Amino acid sequence: MNVGLLQTRKYIRRVGPIQSQQPILGVGVPLKDAEVARLRLIKSNLIYFHKKPIKTQDFVYFPITDPKQIPKLLSDFSFKFQVWEFPSRSEHEPIIETLREEFPNVDWEVISLKFDQLGEIAVLKLDPSCTSLSFRQRVGELILSRSSRLKTVVNKSDFIKGAERVYPIEYLAGEKVWQSWHQEYGVFIFVDLERAYFNPRLAEEHHRVAMSVISGDIILDMFTGVGSFALHCAKESPCTIVAIDINPHAIHALQRSIKRNKLRGNIHPIIGDSRNILKLKGYFNRIIINLPQESVKHLPYAARLLKKGGIITFYQFISKSEKPEEQIRNLISTELANINSYKELYIKIGRAVSPSRVQVNVDLQLV
Ligand SMILES: C[S@@+](CC[C@H](N)C(=O)[O-])C[C@H]1O[C@@H](n2cnc3c(N)ncnc32)[C@H](O)[C@@H]1O
């Protein structure tokens with residue numbers, strides 16, 4: 001039996017769909033034809049990837065996006081339509097399933113489909129030495145097709161390079177746009193992916209630091225990037241922040257964000273090398289050092305700029321070891337050997353940044 005579309009619509013209304021909060025139209029095909037039908041539906045991008053098919057005694061029902069195309073696509077099968085409450089799949093399962101069909105030789109051991117979302121841009125990290133460009137582009141298309149919030153999918157195609165910490169981008173799918181507004185805890189951050197560093201995984205730290213700022217604090221953000229720490233702090237408290245970055249594009253992005261947010265504090269963005277731009281002594285209540293491959297090296301300079309009782313918040317990569325706290329304490333005591341007294345307020349072994357390195361988050365107080 002080949003059910004036409006008009007008939008089908010009537011069928012849905014008359015027989016009545018299964019009532020549920022999120023009913024979706026499904027197309028059912030006899031069990032013996034299910035596999036072929038599934039492949040055709042996938043190829044034509046007609047399946048809702050985030051839902052699992054439903055199997056009855058004789059039929060398999062696939063959740064579909066556009067019934068108009070079905071009569072032609074499945075004309076050789078006895079298909080029928082019915083509305084179901086299809087169960088949800090885990091996030092990437094449907095994409096992986098599709099890719100397994102289309103790229104049977106891919107080594108899934110070395111592939112992760114996790115991506116960072118920067119505003120409307122998804123950033124994947126697929127190693128070009130393990131995947132073909134057509135595979136990466138297909139991943140991009142599939143991710144895009146499953147999200148109404150994304151406009152662009154790109155790949156971090158290589159490691160971060162240079163003082164500006166910008167990574168090379170490979171375009172995969174969607175609009176060719178590298179700038180976007182990202183939101184963290186109600187703070188708007190202008191992201192310029194191609195030209196300035198930004199990492200959405202630091203959102204919690206941006207927020208944690210902002211929550212500990214006291215009204216009237218004078219803060220230095222030595223490696224501000226697009227100004228995430230500065231924006232969070234100024235949104236939260238009436239404080240003053242000097243935000244420095246050597247990359248003019250990062251500072252231009254920060255200037256746009258300052259205009260967009262309703263801030264309680266004042267941010268002074270400066271383009272420059274923060275290692276020697278300030279000659280002040282004992283001036284700041286708080287200094288943020290986020291250049292994690294070498295932050296500890298800047299501790300002596302920061303300690304000179306800090307008021308007594310002031311806090312240095314810094315982020316440092318260290319090698320994965322049995323005793324990461326000991327490792328970071330040794331590094332601190334070497335760098336601050338000439339400083340009379342400091343107190344450790346907070347140490348957190350944070351995210352793994354590579355198989356061999358982790359990031360440590362530290363607050364030190366000068367006493
Ligand atoms: C890890 S990113 C900062 C990220 C930012 N704090 C955030 O949370 O989004 C490091 C930044 O330091 C800047 N940078 C590197 N060397 C610098 C220097 N000598 N003086 C000022 N900025 C520098 C880079 O341009 C980059 O934007």
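These figures come from a predicted structure and were not determined experimentally. Atoms within a ligand are numbered from 1 in the order they appear, just like the ligands themselves.
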Residues in side chain to side chain contact (heavy atoms under 4.5 Å, CB included) contact with Ile328, at least two apart in sequence or another chain:
Val296, Phe314, Gln316, Ile318, Leu331, Ile332, Ile347, Val360, Val362
Dump all N/O pairs between ligand 1 and the protein below 3.5 Å as a table: atom names plus distance, one pair per row.
| residue | atom | partner | partner atom | Å |
| --- | --- | --- | --- | --- |
| ligand 1 | 6 (N) | Phe223 | O | 3.1 |
| ligand 1 | 6 (N) | Asn290 | ND2 | 3.2 |
| ligand 1 | 8 (O) | His206 | NE2 | 2.8 |
| ligand 1 | 8 (O) | Asn290 | ND2 | 3.4 |
| ligand 1 | 9 (O) | Ser228 | OG | 3.2 |
| ligand 1 | 19 (N) | Asp273 | OD1 | 2.9 |
| ligand 1 | 19 (N) | Arg275 | NE | 3.4 |
| ligand 1 | 20 (N) | Ser274 | N | 3.0 |
| ligand 1 | 20 (N) | Ser274 | OG | 3.4 |
| ligand 1 | 22 (N) | Ile246 | N | 3.1 |
| ligand 1 | 25 (O) | Asp245 | OD1 | 2.7 |
| ligand 1 | 27 (O) | Asp245 | OD1 | 3.4 |
| ligand 1 | 27 (O) | Asp245 | OD2 | 2.7 |

Residue pairs passing the salt bridge (charged side-chain N to carboxylate O under 4.0 Å, His left out) test with at least one member in residues 241-262, sequence neighbours excluded, are none
Between Tyr185 and His206, does the ring centre distance come in under 6.0 Å?
no
Pick from Glu170, Lys125, Gln137: which one makes a side-chain hydrogen bond (donor to acceptor under 3.5 Å, both in side chains) with Asn155?
Glu170
Residues joined to Phe188 in its hydrophobic cluster, side chain to side chain under 4.5 Å directly or through other members, sorted by chain and number, are Trp181, Phe190
Looking at Arg329 and Glu326, does any basic side-chain N land under 4.0 Å from a carboxylate oxygen?
no
